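The next block holds one structure in the form of C-alpha cells; read it before the comments.
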Amino acid sequence: MSRYNPKDSESKWQARWEAAGCFRAEEDPGREKYYVLEMFPYPSGRIHMGHVRNYTIGDVIARYKRARGYNVLHPMGWDAFGLPAENAAMERKVHPADWTYENIDAMRGQLQSMGLSIDWDREIATCHTGYYAQQQRLFLEFLSRGLVYRKESWVNWDPVDNTVLANEQVIEGLGWRSGAPVERRKLSQWFFRITDFATELLDALDGLERWPEKVRLMQRNWIGRSEGAQIFFTLTGRPDSLEVFTTRPDTLYGASFCALSPHHPLSAELAEADPALQDFIAECDRLGTSEEAIETAEKKGYDTGLTVSHPLDPERKLPLYVANFVLMDYGSGAIFGCPAHDQRDLDFARKYGLAVLPVVLPPDADPLTFEIGEEAFVGDGHLFNSQFLDGLDVPEGKRKVIERLESLGAGKGSVQYRLRDWGVSRQRYWGCPIPVVHCEACGLVPVPDSDLPVRLPDDADFSRPGNPLDHHPVWKDVACPSCGAPAHRDTDTMDTFVDSAWYFARFCSPRHEAAPIDRAKADYWLPVDQYIGGIEHAILHLLYARFFTRALQGFGELSAPEPFAGLFTQGMVCHQTYRGADNAWLSPDEVMRDETGAWRDLEGRPVAAGRVEKMSKSKRNTVDPEKIIGTYGADTARWFMLSDSPPDRELEWTDAGIEGAWRFTQRLWRLVAEAAATVPPPGTARPKSLDDGSLGAAALELRRASHRCMAEITRDVEAFHFNKAVARIYELANALQGFKGKEPEELWVLREACETLTRLFSPMMPHLAEELWQALGHQSLLVDQPWPEAEPGLLVDSTITMGVQVNGKLRATIELPRDADRAFAESAALADPAVRRGLDGRTPRKVIVVPNRIVNVVV
RNA sequence: GCGGACGUGAUGGAACUGGUAGACAUACCAGACUUAAAAUCUGGAGGCCUUAGGCCGUGCGGGUUCGAGUCCCGCCGUCCGCACCA
C-alpha cells in the first residue's frame, strides 16, 4: 500500500473547500451563530509555533461547531501597525507599508497551508486605510462624547523607541518592546477615559463565567478598587486644606504626620521659596521606577515646616512632609501617616522621631501595656485612644468616623481605583493618525467627517530619529477646518492597542463604509463566543477591548456589553535550550550526543543542556512551522499541537513528538484505507443482527468502542481537553486495528467504526479526514457532514468489573451484571478466593457495596 | 511583601461529584519481518521482595472516612501575576 502524501492531498482539499466556499459566513437569523476568534497576529514576516498552536485550537473549535450545525464565523486579520515596521524602514530603507504587506502575504500563505477553516473574504489589516479611516471616526466619536481628552501629564518615555508608553506597557520599569529603562517626562497627551468605566469593568467580571478565573483575578487586581475615605486636613496659616485618601479612616486618631508626593502641586509651590526642597524633589526624580530601585530605595521625607490640623481635634497639629514614596497619580497624591498600623508609616516615623500612637488594640492585648515595637499592627481588633470610636471594631470604626467627618464637612467616604486613564499618544509614524487639528485661534478642532481619513504620507523620512510625521515638510500644515487659518495636524498616532480594541466588531462587516460597525450585523454575531489567545494579553488588550465595547454600547453602535463571552488562554510552545562553551545559545540543530551521552557542538566542544523554555529567537530554540509543514504536512503538525499537553499548559516541542504524530498520521491512513477496500459501499442497509441481539461479541465490542468514542470526544472537545480527545482517537484506532471480522455484518460494523474514527478526528486533521472519507466511497465533502451522535444504548455495558477491597486494600476484581443488587454483589465478593485469603478466616464486620463501583469488606 | 496556580512512573500526562492510581502517548526492552537498517506488526513494563504471592507507592507530616491523588490542617518546593496603591 502506498503512503499518504500530505503535500498533494492538503493542497487538493484546501482548493476544494475554497471552491465550495465552505467557510464563508453569512448572517442567518434562522440559525444559531457561533463566533470563533483567535487573537489576530502581528505580521512579523513568518508564523511561529505559537501561532500554529493558537490557530489549530481555534480551528478545531470552529470545525466542530460547524459540524454541530452552528452558523460559524471564523475570520482572520492582521494587527499591522507597530514599531517593527518602522524599525525595518530605518534599518533597511523599505517603506513600513511595503514591509508590512509583504509580510502579510507571506504569512497568509503560511496560515492557508495549515488548512484553517477561515472566511478569508473578511480579512482585514489595521494599517489599511479602510480600517484606520473608521477608527478615526471612532476616535472622534469618543472625543465628542468626552471619553477622549488631552492633558499635560507625567508620562513613561521610552528613550530607545522614542515614544510614550502606557502604564500597562512598562514592565518592571522597562519598556515592553525596547527593554530600555523608562524615563519620566511631562508631555501633552491624548487619553481615553477608561477610569469612567472602572466600576462597570470590575463588576462585569463576575458575569464572565467562561473566562479563566486567573484572568478575571488579574483584571480585578489591575483595576484595584479600594474603599476608604477622602479626608481634608486644614493647613496652618493658610486658607486651603490638604486632601488625602485612606483605606483606614478608623485609625485617624493615630495620625502623626501628613506627607505629599514630590509631584504634588503644593510641593512645587513650597519649593519655589525653598531651594532645599527643590533639591529633595530633584533627588526623588532621579530615582528610577525599576523594581530594585523601589525595593532598595530608602523611605525619605523632607519636613516642610508647615503643619496641618487634625480634622477631629483641630488643636492637634501634625507636621507636613514631602516624601519620596507618595505617588502623585494615586488618590490625591497626599497621605496621612498612622505609624502604629502601617509598616511603611512606622518606618518613616521611627526615622524622623514621630509619635507612634496605637489606636487598634489586638484581641487579648492589654490597653495599658500594649506597645508597637518594630512591627505595625495591621490586623483587626478594637479601637482605643480614639474618643468616640473607642470599643468599636475596625469596620464599625470606619463607618462611624466617615459619618462624623461628613457631618463636619471634613471628609467623606470614597472609592479609589488603581486603574489610570489610558494614554494613547505615540510619537511614531506607523499607526493610525489622530484626526485632530491644532489651531491657534480655535484650539483643538476635530477633522470633519468629509475630510476623513487623515492618511499617512507615503514620503516620510525615516533616516533620522524622532517622529517622522512631525518632521515631514508639509504633512502637518493644514487650514483650520473651523476658521480656515493656517493650522497644523496632530502628529501623534494611536497606540496599536486601539486598533485591536474593536477589530472583532469590524469582522462582522469588514467592507462596510458608511460606519465603523454595521450594527445589525454586529448584533447578530457579537459577542465572540470563543476567543483564544495567549495569557500575555490578560490585562492590556482584553481590558481595552472590554472598555471599547462598553463605550460603543453606550453610543448605540452595538448591543453587546462584553466583547468575549468565552475566553481560552493557551500555553506557550517551549523547546530545549543549549549553551556552548562560551555560554552562547546554541540551536538544537547544532548539538549532538557523543558516545557517553554528553552534549557536544558540531566541533566536539562540550555543550550544556539548559532549561526547556518558550521558543524565542534570542535563545535560538525556535522551530520553523513552514519546515515542519513542508516535511510532515499540516495535519501532523496540528495533531502534535493537540497531543499530550492540555492546551492551557505549556507544550514542549520534541522531535520524537512530531515523529510520533507523523507515524500516527500514516497509521490512520493505512488502517482506514485498507479497511475501505473490504467494507460494503456507503449506504448499505443496517444489518438486522445489530438490533435483534445476535451480533457477534467482537463486532458488538467495536460498535461500543466507537460509540463511546463519539460521546467522549464530544465531551472532551467541548471542555477544551484536546489531549484527552487525542487519546480516545488512539484507543479507537487500536480497537479498529485488533478487529478481524470478515462476515458481512462485521464489515458493516467495520465501516461504521472507520467512518466514526474519520469524522471524530476531522476537526484536528481535516485533510486526512477528507481523503479517507473519499476512500470510503463518499462523493460528498466530509466538512459538510454533521457531527456523529452516539446511540445511547451502546454507551452502557451489560457487565461491570468491580474492585473488591478488604479493609480498603484491593484484593480482587469480580465481573457482575450491570446494576446487580447489593446482596448478590456481596456474596460474589465474599466467594472470591483472593478475598477469602485476604480475610484469613476472620468474619466480616461490615460489607460496603457501592453498586457498579466497588465492594469493601471490613473486618 | 500581597495574590494565585501547581506538585502523579524515565518523560508528557489520564483518573467523572472521594470508590480497581498510572488511560493514551513518548522513550525503553523483547519477538516477527529484513542481507541489514528504517518503517511496520506482536508483546512487556510503577518500585521492592526469591516465586504462587506479598509489601510499598500520587512532594513531606498529620487528620477525617469503610475507603483519600481527590476533602481538612501544617510544612517544603516550583511556576505565574501585581508590587512604595496609603
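Numbered from 1 within each chain, the chains take letters A, B, ... in sequence-line order. Computed from a predicted structure; not experimentally measured.
Here A:Arg649 lies in heavy-atom contact (under 4.0 Å) with sugar-phosphate atoms only. Among the protein residues, A:Asn734 comes within range of the sugar-phosphate backbone only, with heavy atoms under 4.0 Å from sugar or phosphate atoms but none that close to a base. No engagement by A:Val847 is indicated, since no non-hydrogen atom pair under 4.0 Å with the nucleic acid exists. Residue A:Arg216 is out of contact with every strand shown, counting any heavy-atom pair closer than 4.0 Å. The residue A:Ile848 sits close to a base: some heavy atom pair falls under 4.0 Å. Across all strands shown, A:Val850 has heavy atoms under 4.0 Å from base atoms, whether or not it also approaches the sugar-phosphate. No engagement by A:Arg715 is indicated, since no non-hydrogen atom pair under 4.0 Å with the nucleic acid exists. Residue contacts for A:Ser645: at a heavy-atom cut-off of 4.0 Å it reaches the sugar-phosphate backbone alone, with no base atom in range. Among the protein residues, A:Gln737 comes within range of the sugar-phosphate backbone only, with heavy atoms under 4.0 Å from sugar or phosphate atoms but none that close to a base. Across all strands, A:Thr801 comes closer than 4.0 Å to base atoms (heavy-atom distances).
Classified by its glycosidic torsion, B:rG9 falls in the syn category, the angle being within 90° of 0.
The distance from atom OH of A:Tyr321 to atom C1' of B:rA86 is 18 Å, rounded to the nearest whole Å. The separation between A:Ile713 atom CD1 and B:rA23 atom P is 18 Å, rounded to whole Å. Computed from coordinates, the A:Glu712 CD to B:rC24 C1' distance equals 12 Å when rounded to whole Å.
Residue A:Asn221 has its side chain nearest to B:rG3 when only B:rA86, B:rC84, B:rG3 are considered. Which of B:rA23, B:rU20, B:rU26 sits closest to the side chain of A:Glu731 comes down to B:rA23. Here the side chain of A:Phe325 is nearest to one of B:rU17, B:rC84, B:rC66, namely B:rC84. Each of B:rA83, B:rG67, B:rA25 was ranked by its minimum atom distance to the side chain of A:Asp644; first place goes to B:rA25. Closest to the side chain of A:Arg663, from the set B:rC55, B:rA39, B:rG53, is B:rA39. Listed candidates were B:rC66, B:rA83, B:rA27. Nearest to the side chain of A:Ala656 is B:rA27. Listed nucleotides: B:rG4, B:rG53, B:rA14. Nearest to the side chain of A:Arg837: B:rG53. Looking at the side chain of A:Arg667, the nearest of the listed nucleotides B:rC41, B:rC66, B:rG19 is B:rC41.
Using P as the reference atom, B:rU78 and B:rG59 are 16 Å apart when rounded to the nearest Å. A gap of 15 Å separates the P atoms of B:rA38 and B:rU34, to the nearest Å. On the C1' atoms, B:rG19 is 10 Å away from B:rA68, given to the nearest whole Å. When the P atom is used for both B:rA15 and B:rC24, the distance is 14 Å, rounded to whole Å. Comparing B:rU17 with B:rU70, their C1' atoms are spaced 11 Å from each other, to the whole Å. With both ends at atom C1', the span from B:rA10 to B:rG44 equals 16 Å, rounded to whole Å. For B:rG43 and B:rA25, the P atoms lie 12 Å apart once the distance is rounded to whole Å. A gap of 39 Å separates the C1' atoms of B:rU64 and B:rU51, to the nearest Å.
Each of A:Arg611 and A:Ala727 lies near RNA chain B, and the nucleotide nearest A:Ala727 is the one positioned closer to the 5' end. Mapping A:Ile800 and A:Asn856 onto RNA chain B by nearest heavy atom places A:Ile800 at the nucleotide closer to the 5' end.
In the interface, the side chain of A:Arg344 is paired with the base of B:rA86 through a donor and an acceptor atom under 3.5 Å apart. Side-chain atoms of A:Arg420 come within donor-acceptor range of the base of B:rC85, with a qualifying N/O pair under 3.5 Å. Interface remark: the A:Lys299 side chain does form a donor-acceptor pair with the B:rC84 base, using a distance-only criterion of under 3.5 Å.
For the pair A:Arg3 and A:Trp669, the cation does not sit on the ring face, since its NZ or CZ is not both under 6.0 Å from the ring centre and inside 45° of the axis.
Of the side-chain N and O atoms in A:Arg418, one or more sit less than 4.0 angstrom from OP1 or OP2 of B:rA83. Between A:Asn324 and B:rC84, a side-chain N or O to OP1/OP2 separation shorter than 4.0 Å is absent. Applying the 4.0 Å criterion to OP1 and OP2 of B:rA86, one finds that A:Ser226 has a side-chain N or O inside that range. Distances shorter than 4.0 Å separate some side-chain N or O of A:Lys809 from OP1 or OP2 on B:rC56. The side chain of A:Tyr730 contributes no N or O atom lying less than 4.0 Å from OP1 or OP2 of B:rA25.
Look at B:rC2: its Watson-Crick or wobble partner, with both distances under 3.5 angstrom, is B:rG81. Nucleotide B:rC55 forms a Watson-Crick or G-U wobble pair with B:rG47, both donor-acceptor distances falling under 3.5 Å. Base pairing of B:rG7 is made with B:rC76, judged by Watson-Crick or G-U wobble geometry with both donor-acceptor distances under 3.5 Å. Across every strand in view, B:rC16 sits unpaired, with no contact that passes the Watson-Crick or G-U test at under 3.5 angstrom.
The aromatic rings of A:His341 and A:Phe377 sit perpendicular, their planes meeting at an angle over 60°, well past the 30° parallel limit.
Here the rule is ring pair (Phe, Tyr, Trp, His ring centres under 6.0 Å) with A:Phe348, and of A:Phe336, A:Phe325, A:Tyr302 only A:Phe325 fits it.
Using modelled atom types and a 3.5 Å distance limit, the side chains of A:Asn621 and A:Thr577 yield no donor-acceptor pair. Side-chain contact of A:Thr665 with A:Thr636: a donor-acceptor pair under 3.5 Å is present, judged by distance alone. Between A:Gln230 and A:Glu243, the side chains place a donor N or O and an acceptor N or O closer than 3.5 Å (distance only, hydrogens not considered). Side-chain atoms of A:Arg546 and A:Gln219 include a donor-acceptor pair closer than 3.5 Å.
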Margin query: Let's go through A:Arg611 and A:Gln576 carefully: what are the C-alpha distance in whole Å and the side-chain angles of both, what is the deciding distance for side chain to side chain donor-acceptor pair (under 3.5 Å) to 0.1 Å, and is it a yes or a no?
Written below: CA-CA 6 Å; A:Arg611 303 207 314 173; A:Gln576 178 74 51; over 6 Å; no
Checklist line | Steps toward side chain to side chain donor-acceptor pair (under 3.5 Å) verdict (A:Ser226, A:Tyr417) | finding: CA-CA 6 Å; A:Ser226 293; A:Tyr417 292 94; over 6 Å; no
Note to self: One pair to check against ring pair (Phe, Tyr, Trp, His ring centres under 6.0 Å): A:Phe640 and A:Trp662. What are the steps and the verdict?
What the structure shows: CA-CA 9 Å; A:Phe640 178 52; A:Trp662 167 245; over 10 Å; no
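Around atom NZ of A:Lys351, more than 12 heavy atoms belonging to other residues, nucleotides or ligands sit under 6.0 Å away. Within 6.0 Å of atom CD in A:Gln737, more than 12 heavy atoms from other residues, nucleotides or ligands are found, so the atom counts as buried in its surroundings.
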Which atom pairs link the protein and nucleotides 45-52 of chain B when you take only N or O atoms and keep those under 3.5 Å?
none

